[in-house]
*Asks:* 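Okay, handing you the structure first.
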Amino acid sequence: KAGVTQTPRYLIKTRGQQVTLSCSPISGHRSVSWYQQTPGQGLQFLFEYFSETQRNKGNFPGRFSGRQFSNSRSEMNVSTLELGDSALYLCASSLDRGWDTQYFGPGTRLTVL
Amino acid sequence: ILNVEQSPQSLHVQEGDSTNFTCSFPSSNFYALHWYRWETAKSPEALFVMTLNGDEKKKGRISATLNTKEGYSYLYIKGSQPEDSATYLCAFNLGAGNMLTFGGGTRLMVKP
């Protein structure tokens, strides 16, 4: 079974730009969650999508948004990039419930200059 | 604000040593606790999902226990090997859905 894939793997943007990251879950998984990892804050939950609906949201500003398509692929968008948005963005997919294992992708490394 | 604490932050051991780490989490509204191993330049790898008080899970030389009443979980590695070198993360799930709150991790380095 193919794992979780994320594209692109690396991205360099400048302040004020916007960026879209993509995540393809494991086949059959309907839940996709997004996390931000920074050296100072560790891994932090951004949001979760299940069956094309946002089911949970973390404590991030509205500049961070996402969506999920009918094939469970998900995208996250960050508008008006700030230097502090430089981070590793990970997505994870799982079947459904909170006790299901979440499988992580390799991440997208975003650098904002 | 949920606090998930892991200790120690880092650990250096010799090959063959056994070691353990602690994850502390809020004891109320427990739903599930996840353990992950994260090696540099790789994706976090799921080790265990624990849901019941008193749960004990094992995968090879790695095992974990769970105490939901007092809010802690232990991860044990028996006979550490250099390939066990990684950051070990625990994550707490409050309820339905997949919103994980992660601890800061324990970085393990095993010297040959």
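Not measured: the values here are computed from a predicted model. The figures here come from the full heavy-atom set of this structure, side chains too, leaving out hydrogens, waters and symmetry mates.
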*Asks:* Contact part of A:S33 toward chain B, heavy-atom cut-off under 4.5 Å: side chain, backbone, both or neither?
*Replies:*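 For A:S33, the side chain is the part near chain B, not the backbone.
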*Asks:* Verify the distance criterion only: is there a donor paired with an acceptor across the side chains of B:N98 and A:S31 at less than 3.5 Å?
*Replies:*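 Distance-only check passes for B:N98 and A:S31.
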*Asks:* Under 3.5 Å, is there a donor-acceptor pair between the side chain of B:S73 and the main chain of B:T65?
*Replies:*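 Side chain of B:S73 to backbone of B:T65: a pair is present.
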*Asks:* Using a heavy-atom cutoff of under 4.5 Å, enumerate the residues of residues 83-95 of chain A that contact chain B, numbered in order, or state 'none'.
*Replies:*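 If one takes a 4.5 Å heavy-atom cut-off, the residues of residues 83-95 of chain A near chain B are A:L88, A:L90, A:S94.
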*Asks:* When you measure from the side chain of B:S27 to the backbone N and O of B:T68, does any donor-acceptor pair fall under 3.5 Å?
*Replies:*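 Not confirmed, B:S27 side chain does not pair with B:T68 backbone.
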*Asks:* May I ask you to list the residues in residues 37-44 of chain B that approach chain A closer than 4.5 angstrom, counting heavy atoms only, ordered by number?
*Replies:*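 Heavy-atom contacts from residues 37-44 of chain B to chain A are B:W38, B:S43, B:P44.
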*Asks:* With a 4.5 angstrom heavy-atom cut-off, is it the side chain or the backbone of A:F47 that approaches chain B, or both, or neither?
*Replies:*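 Neither; nothing under 4.5 Å.
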*Asks:* Is there a side chain to side chain contact (heavy atoms under 4.5 Å, CB included) between B:T101 and B:F25? Walk through the geometry before answering.
*Replies:* CA-CA 10 Å; B:T101 299; B:F25 52 85; over 6 Å; no
*Asks:* Can we say A:R30 and A:D100 salt-bridge, meaning some charged N sits less than 4.0 Å from an Asp/Glu carboxylate O?
*Replies:*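 So A:R30 does not pair with A:D100 through a salt bridge.
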*Asks:* Using atom types as modelled and distance alone, determine if a side-chain donor or acceptor of A:K13 lies under 3.5 Å from a backbone N or O of A:G16.
*Replies:*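 No, A:K13 side chain to A:G16 backbone: no donor-acceptor pair under 3.5 Å.
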*Asks:* Does a donor on one side chain and an acceptor on the other come within less than 3.5 Å for B:N67 and B:Y72?
*Replies:*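 On atom types as modelled, these side chains qualify, holding a pair under 3.5 Å.
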*Asks:* Mind ranking A:G42, A:G105, A:G107 by heavy-atom pairs under 4.5 Å with chain B and telling me who comes out on top?
*Replies:*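 Among A:G42, A:G105, A:G107, the one with the most close pairs to chain B is A:G105.
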*Asks:* My understanding is that only one of B:R61, B:K78, B:K111 makes a salt bridge (Lys or Arg N to Asp or Glu O under 4.0 Å) with B:D84; could you say which?
*Replies:*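 Result: among B:R61, B:K78, B:K111, B:R61 is the only option passing the salt bridge (Lys or Arg N to Asp or Glu O under 4.0 Å) with B:D84.
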*Asks:* What distance separates A:R109 CZ from A:R9 CZ, expressed to the nearest 0.5 Å?
*Replies:*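 Reported value, rounded in 0.5 Å steps: 10.0 Å.
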*Asks:* Under 4.5 Å between side-chain heavy atoms, hopping through other hydrophobics if needed: is there a path connecting B:Y74 to B:L11?
*Replies:*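 No, B:Y74 and B:L11 fall in different hydrophobic clusters.
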*Asks:* Same cluster for A:F45 and A:F64 if Ile/Leu/Val/Met/Phe/Trp/Tyr side chains link at under 4.5 Å?
*Replies:*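 No.
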*Asks:* Please classify the contact of B:L33 with chain A as side chain, backbone, both or neither, using a heavy-atom distance under 4.5 Å.
*Replies:*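 Contact with chain A is absent: no heavy atom of B:L33 under 4.5 Å.
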*Asks:* In terms of heavy-atom proximity below 4.5 Å to chain A, should B:Y36 be classed as side chain, backbone, both, or neither?
*Replies:*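 For B:Y36, the contact with chain A is made by the side chain alone.
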*Asks:* Please identify, among A:Q44, A:Q41, A:Q37, the residue contributing the most non-hydrogen atom pairs under 4.5 Å to chain B.
*Replies:*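 Answer, by heavy-atom pair count under 4.5 Å with chain B: A:Q37.
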*Asks:* Any chance CG of A:N71 has more than 12 other-residue heavy atoms, nucleotides or ligands included, within less than 6.0 Å?
*Replies:*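 Atom CG in A:N71 is crowded, with more than 12 foreign heavy atoms closer than 6.0 Å.
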